[in-house]
Amino acid sequence: MLVNVIDLREREYQWSQVMAVLESASKNNEADGADQVAPGSGIEIDYAERTGLSLREAVLWAEKTDGPLTLYLYDHETEDTAED
């Protein structure tokens, strides 16, 4: 269950391919002003990553995964962008 999105893309308007990372939202309990996720609120995901997804696919992936999750979005690195 998607509860938070952190967009760390430098190319914020590129949506056709992103790198998506899922982590349990309970990891954010320490952040200032964070809503608190109770322990045992579903599956705890330490780290899951997928690349080459569209932004929509990344959100759907996070939403269908059990447990409260934070979705981190990064630029999808290709050979062309890695050389820049």
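Because the structure is a prediction, the values reported are computed rather than measured.
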**OP:** Taking salt bridge (charged side-chain N to carboxylate O under 4.0 Å, His left out) as the test, write out the residues that go with Asp46, two or more places apart.
**Re:** Lys27
Subject >> salt bridge (charged side-chain N to carboxylate O under 4.0 Å, His left out) partners for Asp7, two or more places apart >> reply: Arg9
**OP:** Could you note down all residue pairs passing side chain to side chain donor-acceptor pair (under 3.5 Å) where residues 29-40 supplies at least one of them, sequence neighbours left out?
**Re:** none
Original post:
With side chains defined as the heavy atoms from C-beta onward, is the minimum distance between Ile6 and Leu71 less than 4.5 Å?
Top reply: no
**OP:** For residues Leu73 and Leu55, determine if any side-chain heavy atom of one lies less than 4.5 Å from a side-chain heavy atom of the other.
**Re:** yes
Show me the donor-acceptor pairs within less than 3.5 Å that the side chains of residues 16-24 make with the rest of the protein, sequence neighbours left out.
residue: Gln17; atom: OE1; partner: His76; partner atom: NE2; Å: 3.0
residue: Ser24; atom: OG; partner: Ser26; partner atom: N; Å: 3.3
residue: Ser24; atom: OG; partner: Ser26; partner atom: OG; Å: 2.9
residue: Ser24; atom: OG; partner: Glu44; partner atom: OE1; Å: 3.1

For [X] and [Y], work out which heavy atoms get closest and say how close.
X	Y	value
Leu69	Ala62	CD1-O, 3.7 Å
Tyr74	Tyr72	CE1-CB, 3.6 Å
Leu53	Ala58	CD1-CA, 3.9 Å

Original post:
Under a single-linkage rule joining Ile, Leu, Val, Met, Phe, Trp and Tyr whose side-chain heavy atoms are separated by less than 4.5 Å, which residues share a cluster with Val3?
Top reply: Met1
Subject >> Criterion side-chain contact (heavy atoms from CB on, under 4.5 Å) on Thr70 and Val5, from CA distance to verdict >> reply: CA-CA 6 Å; Thr70 298; Val5 177; over 6 Å; no
Original post:
If you measure from CG on Asn4 to CG on Asn28, what distance do you get to the nearest 0.5 Å?
Top reply: 6.0 Å
Subject >> Residue pairs, two or more places apart or on separate chains, that pass salt bridge (Lys or Arg N to Asp or Glu O under 4.0 Å) and touch residues 49-58 >> reply: none
**OP:** Verify the cluster assignment for Trp61 and Trp15: are they in a single hydrophobic cluster under the rule of side-chain heavy atoms below 4.5 Å apart?
**Re:** yes
